[in-house]
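Before any comments, here is the structure.
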Amino acid sequence: MRALISIAFRVRILRGELSRCFAVWAWFPILSLSAALGDEVKPKAVEVIEELTRAYAKLDGFKATYQSVGKGKTLDCTLGLDENSRLAASQVVVRKGDQKMVQRLWNTSHDQMFFAGGDDLIVFKGTNAELKSLTDLMNLLATEPDADGKEGTYQSIPSILLEKTVFAAGFGLQKRDQPSWADIVEDAPIKDSDEKTVTFSTDKYGLLTISRENGMLIRQSVTADDGEVRVLELKELQVNPGKDSVERISTGWSTIGAKELPLVSRMAPLRLVSFQLIIDSVENGQAEVRVLDDLLESQYESLRHFARACIDMEGPFATKANWPGLFDKVKTRLHLKWLQDVPGADAADKEGFLKYQQEPEIRLEVRNSLVAGMMEMEKLPEVITDEIFGRGGWASLKVGNDRGVAAKQSLVKALTRAYLEELVDQKMTKQWDQRDGLD
């Protein structure tokens with residue numbers, strides 16, 4: 001099974017009068033899980049798709065400009081990607097008469113992703129860090145490693161496509177070396193082909209023409225309900241432009257006043273589908289629960305890295321638990337232990353006790369004890385998985401047989417422990433770096 005997971009942050013701009021209809025409809029994740037190329041796809045089409053994908057996989061990035069010209073209106077789009085640095089940018093400019101609309105989406109070397117359109121300026125932080133943590137974990141738990149280590153890497157892929165009445169531009173979060181059109185054409189018949197191009201006929205996106213040389217979309221033609229033929233054409237292409245060239249696309253784009261939105265809700269679907277694949281593989285007999293348990297135990301650091309990326313400091317458990325009260329009680333018990341364990345310890349020596357409680361071994365002992373107690377709370381795994389996968393995450397992980405139940409239990413237990421360890425460490429640092437309340 002070829003498991004391609006993608007989340008597309010898409011912006012649709014409606015047609016009509018510019019002041020009324022070139023408005024942002026939404027910016028939201030659209031989740032698409034594609035299975036293996038099935039029997040409905042003709043063998044010849046499968047081979048051609050694989051050929052085009054291999055051509056695209058040779059690229060380390062691109063800088064492309066597209067244009068669509070209609071009756072009294074034009075659309076110009078610039079897309080840029082550097083796979084090695086994970087930098088990407090997208091700009092769409094729509095003109096109708098003397099009116100103009102600009103929509104931009106880009107990320108930075110500081111792991112920030114910005115969206116600007118109309119009066120909106122939004123930023124997400126930590127996207128690449130989470131993608132890497134998820135990639136590392138999935139490569140260990142669910143997939144075979146690639147020879148070059150590239151295909152299993154998730155990253156942002158900029159793209160644009162016309163539909164019958166709208167266009168969609170944005171970033172798709174999917175595996176490296178998978179072109180943005182891959183899912184769209186997997187069951188589409190080949191309309192035409194020659195030595196340089198292949199044209200697929202799709203229901204939603206019309207005719208898509210792909211270059212055999214580099215796997216890039218070079219033309220799209222879709223017929224609207226009113227009979228208008230809408231065409232998008234590649235005007236200029238630079239392959240492997242490099243980090244600096246892609247970064248220059250967004251030079252001068254303002255980030256002042258950007259509203260930060262939480263990453264949790266945007267990444268939760270990708271996390272959810274990823275771990276569902278692990279459960280499914282155990283259910284189908286492709287992996288054993290025992291093997292999964294061993295992997296989860298051996299990949300402690302990877303789990304903690306993943307948990308660190310998932311931490312939601314505004315989640316219910318992180319905000320509603322009485323952390324100051326909890327650590328005050330811990331300090332009281334630890335103070336007694338300090339007096340018993342350290343010869344000559346003076347109960348009034350605040351600096352001595354502070355040094356003791358900040359010793360790595362002591363902090364680790366306290367952290368492990370707290371987490372062990374929390375893990376005995378029956379309902380806590382459900383709360384924690386909701387913070388990792390979004391509300392309802394626990395119930396959304398589906399199981400179909402006893403093997404699936406066991407796999408889910410193993411995953412939930414390991415993820416809950418890793419999440420709690422990371423959260424308690426962060427809370428402990430915040431509480432115990434203060435010098436008050438030590439006695």
Side-chain angles (χ1 to χ4, degrees), residues 1-5 33-36 130-149 151-154 175 267-311 317 364-365 367-390 392-425:
M1 178 176 180
R2 177 176 62 84
L4 171 62
I5 304 169
L33 174 63
S34 67
E130 170 144 359
L131 284 175
K132 184 180 186 305
S133 71
L134 183 58
T135 295
D136 292 345
L137 201 58
M138 288 297 292
N139 284 343
L140 289 166
L141 301 182
T143 63
E144 296 181 1
D146 297 305
D148 58 8
E151 188 178 333
T153 302
Y154 295 110
K175 284 187 177 181
M267 297 300 290
L270 183 61
R271 298 171 186 160
L272 191 62
V273 174
S274 298
F275 285 96
Q276 186 66 64
L277 287 172
I278 298 175
I279 293 174
D280 291 346
S281 68
V282 175
E283 280 194 352
N284 298 332
Q286 296 170 313
E288 296 292 335
V289 176
R290 175 182 55 80
V291 175
L292 177 61
D293 286 336
D294 290 343
L295 279 171
L296 290 170
E297 187 65 30
S298 66
Q299 299 304 324
Y300 171 81
E301 290 301 329
S302 295
L303 282 171
R304 282 294 302 274
H305 184 198
F306 173 75
R308 189 175 303 119
C310 295
I311 287 290
F317 185 70
L364 181 62
E365 181 181 339
R367 194 278 310 280
N368 289 343
S369 177
L370 286 174
V371 171
M374 293 175 183
M375 291 291 291
E376 296 179 359
M377 300 168 62
E378 183 179 355
K379 295 295 184 180
L380 190 58
E382 182 174 351
V383 174
I384 298 304
T385 50
D386 277 358
E387 294 197 6
I388 294 175
F389 300 119
W394 170 273
S396 296
L397 289 171
K398 303 299 183 183
V399 295
N401 55 36
D402 291 343
R403 292 192 299 273
V405 171
K408 178 178 177 178
Q409 289 175 342
S410 294
L411 280 172
V412 168
K413 181 179 179 180
L415 292 172
T416 298
R417 188 185 75 173
Y419 189 96
L420 286 173
E421 287 180 357
E422 184 65 29
L423 181 61
V424 170
D425 275 345

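Just so we're clear, the structure is a prediction, and the values are computed from it rather than from any experiment.
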How long is the straight-line distance from OG of Ser410 back to CD of Glu297, given to the nearest 0.5 Å?
11.0 Å

Distance from Leu411 atom CG to Leu296 atom CG, nearest 0.5 Å?
5.5 Å

Let me confirm one number: the CZ-CG distance from Arg367 to Asp425, rounded to the nearest 0.5 Å.
4.5 Å

Separation between CG (Leu415) and CZ (Phe275), nearest 0.5 Å, reads 4.5 Å

Stepwise, does the side chain to side chain contact (heavy atoms under 4.5 Å, CB included) test hold for Phe317 with Asp386?
CA-CA 10 Å; Phe317 185 70; Asp386 277 358; over 6 Å; no

Would the distance check show the side chain of Ser281 and the main-chain N or O of Ile278 forming a donor-acceptor pair, the cut-off being under 3.5 Å?
yes

CD1 (Ile279) and CG (Leu292) are apart, to the nearest 0.5 Å, by 9.0 Å

Please list all pairs passing the ring-ring contact (aromatic ring centres under 6.0 Å, His included) test where one or both residues lie in residues 396-418, with sequence neighbours left out.
none

Under 3.5 Å donor-acceptor pairs involving side-chain atoms of residues 368-385, not counting sequence neighbours:
from, atom 1, to, atom 2, distance (Å)
Asn368, ND2, Leu364, O, 3.4
Thr385, OG1, Pro381, O, 2.8
Thr385, OG1, Glu382, O, 3.1

Could you state the interatomic distance from CD (Glu421) to CG (Leu303), rounded to the nearest 0.5 Å?
9.5 Å

Which atom pairs, donor and acceptor, lie under 3.5 Å between side-chain atoms of residues 400-407 and protein residues at least two apart or in another chain?
from, atom 1, to, atom 2, distance (Å)
Asn401, OD1, Arg403, N, 3.1
Asn401, OD1, Gly404, N, 2.8
Asn401, ND2, Glu283, O, 3.3
Arg403, NE, Val282, O, 3.3
Arg403, NE, Glu283, O, 3.3
Arg403, NH2, Glu283, O, 2.5

To check you understand the geometry: which heavy-atom pair defines the closest contact between Gln276 and Ser396, and what is its length?
OE1-O, 3.5 Å

What are the two closest non-hydrogen atoms of Arg304 and Ala418, and how far apart are they?
CD-O, 3.6 Å

Would you find a donor on one side and an acceptor on the other, under 3.5 Å apart, between the side chain of Lys408 and the backbone of Leu397?
yes

